[in-house]
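First up is the structure itself, then whatever we jot down about it.
Letters go in sequence order (proteins before strands), and every chain restarts at 1.
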Amino acid sequence: MTPDDLAETVRAAVAAAIDAGDFAAPVPDDVVVEHPKNREHGDYATNVALRLAEPAGKPPREVAAAIKSRLEAAAGIAAVDIAGPGFLNVTLAKDAFGELARTVVTAGTAYGSNTALAGQRINLEFISANPTGPLHIAHVRWAAVGDAMARLMQASGAYVEREYYFNDAGAQIERFAASLYAVATGAPVPENGYQGHYIEDIARRVIDANPGLTGEVEEKAVEVFRREGIELMFADIRASLERLGVHFDVYFNERDLHASGAIEDTVRRLRAAGHVFDADGAIWLRTTDFGDDKDRVIVRSDGRPTYFCADLAYYVDKRERGFDKVVIILGADHHGYLGRMRAMVAGLGEDPDEHFEIPLGQLVTVHGSRLSKRAGNVVTLDELVDAISVDAARYALVRSSMDSAIDIDADLWVRHTNENPVFYVQYAHARLASLQRNAAELGIDRGDDFDPGLLSDERETDLLSAVGEYPRSVASAAELREPHRVARYLESLAGTYHRFYDACRVLPQGDEEATPLTAARLWLCEATRVVLANGLGVLGVSAPDRM
RNA sequence: GCGCCCGUAGCUCAGCGGAUAGAGCAGGUGCCUUCUAAGCACUUGGUCGCAGGUUCGAUUCCUGCCGGGCGCGCCA
C-alpha cells in the first residue's frame, strides 16, 4: 500500500463517517498522511480529524474517534490509534506494507513519476551567459539546478524545453573582441577588458586559423577576432555543458528578435495598449502601473532598444511558441529585474502569476569572495569538474536550497574525501548492485513472487516507508521548483538502507539455504536500488554499480 | 534610503502550521574469518537572532527591530 493509497483509504473512511451522520463537514479532498518521525506513532499519521474539528463543530478527538472506527475496518489497516490533540496514528498490516516493494520493482524506472504537471508546456531558461568567457562556478549552479528542475518537471508529466539565451552583439562582446586583439598584439588589455588564460588561448586559435591577422588594419582584425572568438568561445561553452551532461533544446540569439522585427512589434503592441510614453527622447514603459518602483526605458534616445525591451519581445516569442509557463532561473544579482519583468507581463495583458516564474538563486562564493568573470583567477566549470568529477559537482550544487548562498571551500572540493554526501548515496546504490551480482552468482533468484508479510523487521518497515516517500519527494520538489529536496531525500534513504544492511542479512552464508525471507529481502533491496537510481537520475548524477 | 535572501548544534546545512527540532562533518567509545568498514551502533552538543501578533498548535505564517549577503543604470 502506497501513501497515496492510504490517503485515499482515509478519505473514504471520512466520507463514510460523514454519510453515516457521525459528524457534519465537507469531505476534504486533500487528506494528508505522513510518516511520523517517532515510530511509536505508527507507520503513518494523519491530522485530518484536527482539520475537520472546526467545520464539524466537535472536539478533534471526537471526530477522530468516528473516523477511527471506520478506518480500522478497511483492508490493509492493522491498527488505528488516537493520539495527542487528535492525530490518527495508523499501523499498516505487514503484508499490505510489504506489497510496496512489488509496486516499486514492477514500476521500475517509472516509479516516482506522476501527473501533477501533465499537459503543461514549460519553457525553462537558465545560465544564458554571453560567450565572453568560459562558464564559471556561478553558472554551474544554474546548470545543475536548471537541468535537475527540468528533469523533475518532466517526471511530473510536463513537457519541458531547456533554453539558453545569449547575445553576441553589444558592449560586452566589443570588450571581448578588443581584449583578444590586445593580447594578440601584445598591447595592454583595455580597461574593463577580459583577462585570463582563455583569452590568450582563444586569441591564439584565431591567429592559427588566420595567419598574418595581427598585421591587418585594427578595425578589420578586431572584427575577425570578434566573429571567430565568439564562435570558439561558444563551442567551448557547449562542450563544457555536454561534459556536465546538460543539454539545451534551444540556443536563442537575441539578434533574431531584432532581425525579425519582433522588438518593434512588441513596442507597438504595448503602445497600442496605452502603457508607453515618450520622454527625454526615449520611449518608456509605464511599469509603475503594474507595481514596479519606477518606469523603464525600452528604446534609448538614440533609437536602440534596451536589453529589457528585447526581453519583452523574447517573452512574447516564447508564449507564441506555445508555452504555458515561461520560467527563468536567475541569480540574486538580477533580482532587481523581477519587478519590471512581472510588470512587463502584466503590461502585455497577461497574468504573471499564471504564465511567468523567476526562481531566484543566491550566488556561489569561493573563499568568501564573489566570483566574477572579469577577475581572471576564477574557478571554471571545467576546473571544477576536473577537480571533483561531474557527479560530485552536480550533486554538491543541487543539494542546497537555492535560497542559500553556498560558500564553496575550494580546498575541500579538491580534497576529494568522503565528506561529500554524493558518495554516501552512490555507495548505497553500489552495495545494492553488488548484492544482485552476488545473488546471481549463488544462483538465487528473487522469483516472481514473495511473501510481503515477512518484511516485518523494524529496519525493513523503515526502509519500506522511506521507499514509499519517493514519489511525493519528486512531486513536491517539482511543484516547489526545489530540486535539493530530492537530494536530501536520497541521503535519508541511503542512511535508512545502510542501517538495514547492517542489521538484516540478505543472502545465505556458508551452507545455509535461501529462504522465503531471502526472496522477500531481495525484492526490498531491488526496490531500494530502483529508487536510488531513479532519484540520482532526476538529479543528473550517475548510479554506479561498483565503486 | 528602498527591495530580495539568509540567521537553527563547534562547522556546513535540512526541516511547503503538527507530537520529544534533525543530518553530515568535527570530538569521544565500540563493531570487519560472513552480502562493499566510502558502512553501522552508542555518546557529547540547541534561549530555532530578538520582541510582539495570528491559532487548538509557530522553527514554519504576519508585523517591528538587530545582524549578515546581494541588488537598486537610456549596463547586460
Side-chain angles (χ1 to χ4, degrees), chain A residues 32 34 36-38 40-41 45 47 50-51 53-54 59-60 83-87 89 128-130 132 166-167 170-173 254 279-284 293-294 296-302 304-311 331-339 360-363 365 368 370 399-407 409 412 417-421 423-424 426-428 430-439 441-442 444 476-477 479-480 482 484-485 487-489 491-492 494-495 497-510 512 518 521-522 525 546-547:
Chain A
V32 177
E34 55 181 20
K37 280 172 274 188
N38 188 336
E40 287 170 16
H41 295 147
N47 65 355
L50 288 162
R51 308 191 77 95
E54 191 176 335
F87 290 104
N89 293 333
S128 293
N130 281 340
T132 55
F166 69 101
N167 179 11
Q172 279 188 27
I173 295 290
E254 178 183 336
D280 305 327
I283 302 177
W284 298 67
D293 51 4
K294 63 169 95 165
R296 307 290 174 176
V297 169
I298 53 176
V299 180
R300 302 179 179 91
S301 47
D302 63 7
R304 289 155 48 232
T306 61
Y307 177 89
F308 172 54
C309 187
D311 273 345
D333 53 339
H334 285 75
H335 95 269
Y337 238 46
L338 215 147
L360 278 182
Q362 298 299 310
L363 302 182
T365 58
R370 165 82 184 281
R399 90 179 275 266
S400 292
S401 160
M402 284 174 68
D403 287 340
S404 293
I406 312 181
D407 183 29
D409 177 351
L412 181 72
T417 67
N418 60 1
E419 287 169 51
N420 192 328
F423 292 119
Y424 186 75
Q426 288 185 314
Y427 180 54
R431 265 188 163 177
L432 283 158
S434 171
L435 179 72
Q436 307 291 353
R437 286 194 301 272
N438 294 336
E441 275 177 28
L442 292 171
I444 297 171
S476 71
E479 182 194 340
L480 297 168
E482 295 186 349
H484 77 277
R485 288 172 180 275
R488 301 299 175 148
Y489 163 82
E491 289 167 33
S492 166
Y497 166 70
H498 287 309
R499 285 186 285 279
F500 160 84
Y501 175 91
D502 197 58
C504 300
R505 175 79 198 186
V506 177
L507 298 177
Q509 317 178 56
E512 294 174 7
T518 305
R521 284 182 170 167
L522 280 171
C525 283
R546 301 170 196 274
M547 289 179 76

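- Between A:Phe308 and A:Tyr337, the angle of the ring planes goes over 60°, which puts this pair in the perpendicular group of the 30/60° scheme.
- Spacing between B:C42 and B:G52 at atom P, rounded to whole Å, works out to 39 Å.
- Atom CZ in A:Arg51 sits roughly 9 Å away from atom P in B:G18 (whole-Å rounding).
- In this structure, B:C65 shows a glycosidic angle more than 90 degrees from zero, which is the anti conformation.
- Straight-line distance from the CG atom of A:Asp502 to the P atom of B:C40: 8 Å, rounded to whole Å.
- Relative orientation of the A:Tyr497 and A:Phe500 rings is tilted, given thresholds of 30° and 60° on the angle between their planes.
- Closest to the side chain of A:Arg505, out of B:G69, B:C40, B:C35, is B:C35.
- Nucleic acid contact class of A:Ala45 (heavy atoms, under 4.0 Å, all strands): base.
- Residue A:Ala171 is classed as having no contact, given no heavy-atom separation below 4.0 Å to the nucleic acid.
- Of the listed nucleotides (B:U36, B:A76, B:A14), B:A76 has the atom at the smallest distance from the side chain of A:Tyr307.
- Among B:A14, B:A38, B:C70, the nucleotide with an atom closest to any side-chain atom of A:His335 is B:C70.
- Closest approach to the A:His484 side chain among B:C72, B:C75, B:A14 is made by B:A14 (side chain taken as heavy atoms from C-beta onward).
- Nucleic acid contact for A:Arg304: none, since no nucleic acid atom lies under 4.0 Å from a heavy atom of the residue.
- The residue A:Asp280 sits close to a base: some heavy atom pair falls under 4.0 Å.
- With sequence neighbours excluded, the residues forming a side-chain hydrogen bond (donor to acceptor under 3.5 Å, both in side chains) with A:Ser128 are A:Glu125, listed by chain and number.
- Heavy atoms of A:Tyr501 sit under 4.0 angstrom from at least one base atom.
- For A:His334 and B:A76, the ring-to-base geometry satisfies the stacking test (centroid distance below 5.5 Å, interplanar angle below 30°).
- The phosphate of B:C13 (OP1 or OP2) has no side-chain N or O of A:Arg399 nearer than 4.0 angstrom.
- Looking at heavy-atom distances under 4.0 Å, A:Arg485 makes contact with a base.
- Across all strands shown, A:Cys504 has heavy atoms under 4.0 Å from base atoms, whether or not it also approaches the sugar-phosphate.
- With contacts defined as side-chain heavy-atom distances shorter than 4.5 Å, the pair A:Ile283/A:Cys309 does not qualify.
- Side-chain contact between A:Thr306 and A:Asp311 is absent, with no heavy-atom pair separated by less than 4.5 Å.
- Proximity note for A:Arg431 (side chain, C-beta onward) versus B:C75, B:A37, B:C35: the nearest is B:A37.
- Residue side chain A:Asn89 reaches the base of B:A19 through a donor-acceptor N/O pair under 3.5 Å, judged by distance alone.
- Between A:Phe87 and B:A19, a base-stacking contact is recorded: ring centres under 5.5 Å apart, planes less than 30° from parallel.
- Comparing B:C40, B:C70, B:A76 by their nearest atom to the side chain of A:Asn130 picks out B:A76.
- Here the nucleotide nearest the side chain of A:Lys294, chosen from B:U36, B:C35, B:C72, is B:C72.
- One can place CG of A:Leu50 at 11 Å from P of B:C56, the figure rounded to the nearest angstrom.
- In the set B:A19, B:G15, B:U36, B:U36 carries the atom at the smallest distance from any side-chain atom of A:Tyr427.
- For A:Ser301 and B:C74, a side-chain-to-base donor-acceptor distance below 3.5 Å is present, hydrogens and geometry of angles not being considered.
- Among B:A14, B:C74, B:C16, the nucleotide with an atom closest to any side-chain atom of A:Val297 is B:C74.
- If you take atom C1' in B:G39 and the same atom in B:A76, they sit 49 Å apart, rounded to whole Å.
- Between the CD1 atom of A:Ile406 and the P atom of B:C5 there is a distance of 18 Å, rounded to whole Å.
- For B:A14, one of the phosphate oxygens OP1 or OP2 lies less than 4.0 angstrom from a side-chain nitrogen or oxygen of A:Ser404.
- Candidate nucleotides B:G39, B:A76, B:C35 were compared by shortest atom distance to the side chain of A:His498, and B:G39 ranks first.
- Neither OP1 nor OP2 of B:C56 sits under 4.0 Å from any side-chain N or O of A:Asn47.
- In this structure, A:Leu363 places its CG atom 13 Å from P of B:G69, rounding to the nearest Å.
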